[in-house]
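What follows is a short report on a single structure.
In what follows, every chain begins at residue 1, and chains take the letters A, B, ... in the order their sequences are listed. Quick caveat, the model's predicted, so the values are computed rather than measured. As a basis for the values below, the full set of heavy atoms in this structure was taken, side chains included, without hydrogen atoms, waters or symmetry mates.
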2 protein chains.
Amino acid sequence: MTSDSPTAQVGTRNTRQKAAVLNLLQDNPQFCSAQQVHVQLVNSGEGIGLTTVYRILQALAGAGLVDVLRTDTEQLYRHCSPTHHHHLVCRSCSRTVEIEDRAVEQWAAQAAAEHGFREVTHTVEVFGICAECG
Amino acid sequence: MTSDSPTAQVGTRNTRQKAAVLNLLQDNPQFCSAQQVHVQLVNSGEGIGLTTVYRILQALAGAGLVDVLRTDTEQLYRHCSPTHHHHLVCRSCSRTVEIEDRAVEQWAAQAAAEHGFREVTHTVEVFGICAECG
DNA sequence: CGCTAATTTGCAATGGTTTTCATTAAGAGG
DNA sequence: CCTCTTAATGAAAACCATTGCAAATTAGCG
């Protein structure tokens, strides 16, 4: 049975805070940090703690509803399409393109199988300088 | 001109601390954290600060002499072969296999080129449960 | 050797994230 | 509605990693 509540996809209960984070992300196509999300919510009148923002973002990431981009110093979050994909990120301006390819999935699965590994997951990030910055 | 001093590959000077970190890593095939490296060195009588350990490990990683594995909470370091490769890591026991494949490199380069990106780099990690833990 | 310049070191302070634990509140069942 | 159970919240503490800056160390040179 699928959930009809907007926030039920993460955790077991619907809370004001989950809805607020989710709404903010859906309205914003940019990557933003947990701290930025927190400040924006507080400024817009939402009562929410920084810890809670971190936890909700983490849960959303685990559920595949947001992308996580780990920079050297911090982690950035962005609402994303729910299908499996990877990122092509500009080192200069952070412009991001979602990319997908079966070949990589198969390569990862096969490499793992050859060494007797099961329950395989993988992380892939591609970085470069985009055309506009180049 | 190539360096003949064991630690000259990182930075411009040979110090006791660099040699100590390098020796420890070469004797240890496992991934370990900066903090673990620090504790082990101090316990074995080396006078060295935690900050310095972090900096040396960072420099070694930049020079390609050690692998960095970013987990959720910390970064792990391990001495590695100097050729480009990726990792297959057991989620349970952290056993690690170095894997390599041209297909992934080419895929990344091509995906980037299609979107007009230059100077492409990529990070790839594969996780699973190894045969012994499975 | 001893002097000097410049890198390296390490403590302390900072930044970002996670954990702990007492409190709050969601929501199921009277 | 009211109550009860349990998950979620949030303030403070803990944690990992980085940065600023003064002191110590290295290595080149007289």
Side-chain angles (χ1 to χ4, degrees), chain A residues 1 3-24 31-43 45-63 65-78 94, chain B residues 1 3-24 31-43 45-63 65-78 94:
Chain A
M1 117 188 180
S3 61
D4 31 308
S5 312
T7 65
Q9 302 161 88
V10 162
T12 63
R13 283 178 194 177
N14 295 326
T15 66
R16 182 173 47 78
Q17 290 91 335
K18 282 179 195 168
V21 172
L22 216 42
N23 280 336
L24 184 72
F31 272 101
C32 52
S33 70
Q35 316 241 13
Q36 289 170 344
V37 170
H38 179 236
V39 169
Q40 286 185 55
L41 288 177
V42 170
N43 284 348
E46 275 293 337
I48 188 170
L50 180 57
T51 305
T52 302
V53 173
Y54 273 106
R55 265 190 296 235
I56 292 176
L57 287 173
Q58 220 174 230
L60 288 170
L65 297 176
V66 303
D67 286 328
V68 186
L69 182 61
R70 298 178 103 148
T71 69
D72 286 334
T73 55
E74 64 187 353
Q75 306 177 186
L76 302 177
Y77 301 85
R78 194 189 61 162
S94 291
Chain B
M1 130 194 160
S3 62
D4 31 308
S5 311
T7 63
Q9 303 160 89
V10 161
T12 61
R13 284 180 191 175
N14 296 325
T15 65
R16 181 173 47 78
Q17 291 91 335
K18 282 178 194 168
V21 171
L22 216 43
N23 281 335
L24 183 72
F31 272 101
C32 50
S33 69
Q35 315 244 9
Q36 288 170 344
V37 169
H38 179 238
V39 169
Q40 286 184 55
L41 288 177
V42 170
N43 285 348
E46 276 293 339
I48 188 170
L50 180 57
T51 304
T52 303
V53 173
Y54 273 106
R55 267 190 293 234
I56 291 176
L57 287 173
Q58 220 173 230
L60 288 170
L65 297 175
V66 303
D67 287 327
V68 186
L69 182 61
R70 296 177 96 141
T71 69
D72 286 334
T73 55
E74 64 188 353
Q75 306 179 187
L76 302 177
Y77 302 85
R78 195 190 61 161
S94 290

Just how far is it from atom CG of B/Leu65 to atom CD1 of B/Ile56, taken to the nearest 0.5 Å?
12.5 Å
Let me have a per-nucleotide readout for nucleotides 19-30 of chain C, 5' to 3', with B, S or -, counting only protein heavy atoms under 4.0 Å.
BB----BBS---
Of A/Gln17 and B/Ala34, whose closest DNA chain D nucleotide lies nearer the 5' terminus?
A/Gln17
A/Leu69 CG - C/dG16 P separation (whole Å)
16 Å
Separation of A/His38 atom NE2 from C/dT18 atom C1', in whole Å?
15 Å
Might you point out which heavy atoms bring A/Arg70 and B/Thr71 nearest each other, and give the distance in Å?
NH2-O, 2.9 Å
Mind checking if B/Leu50 touches a base, just sugar-phosphate, or nothing, with heavy atoms under 4.0 Å?
nothing
dist B/Lys18:NZ -> B/Arg55:CZ (nearest 0.5 Å) comes out at 11.0 Å
Got a sec, which residues hit side chain to side chain contact (heavy atoms under 4.5 Å, CB included) with B/Ala59, two or more places apart in sequence or on another chain?
B/Val10
Taking only residues two or more places apart in sequence or in another chain, which ones pass side chain to side chain contact (heavy atoms under 4.5 Å, CB included) with B/Val42?
B/His38, B/Ile48
Walking along DNA chain D from 5' to 3', note the first and the last nucleotide with an atom under 4.0 Å from a heavy atom of chain A, and give both.
D/dT6 to D/dA12
Round to a whole Å and report the spacing from CD of A/Gln35 to C1' of C/dT14.
12 Å
Which residues pass the salt bridge (charged side-chain N to carboxylate O under 4.0 Å, His left out) test with A/Arg16, sequence neighbours left out?
A/Glu46
So, using side chain to side chain contact (heavy atoms under 4.5 Å, CB included) as the criterion, who are the partners of B/Phe31 when residues are at least two apart?
B/Asp67, B/Leu69, B/Leu76, B/Arg78, B/His87, B/Thr96
Please report the closest heavy-atom contact between B/Ala34 and B/Tyr54, naming both atoms and the distance.
CB-CE2, 3.5 Å
Return the value, rounded to whole Å, for the distance between atom CG of B/Asp72 and atom P of C/dT17.
13 Å
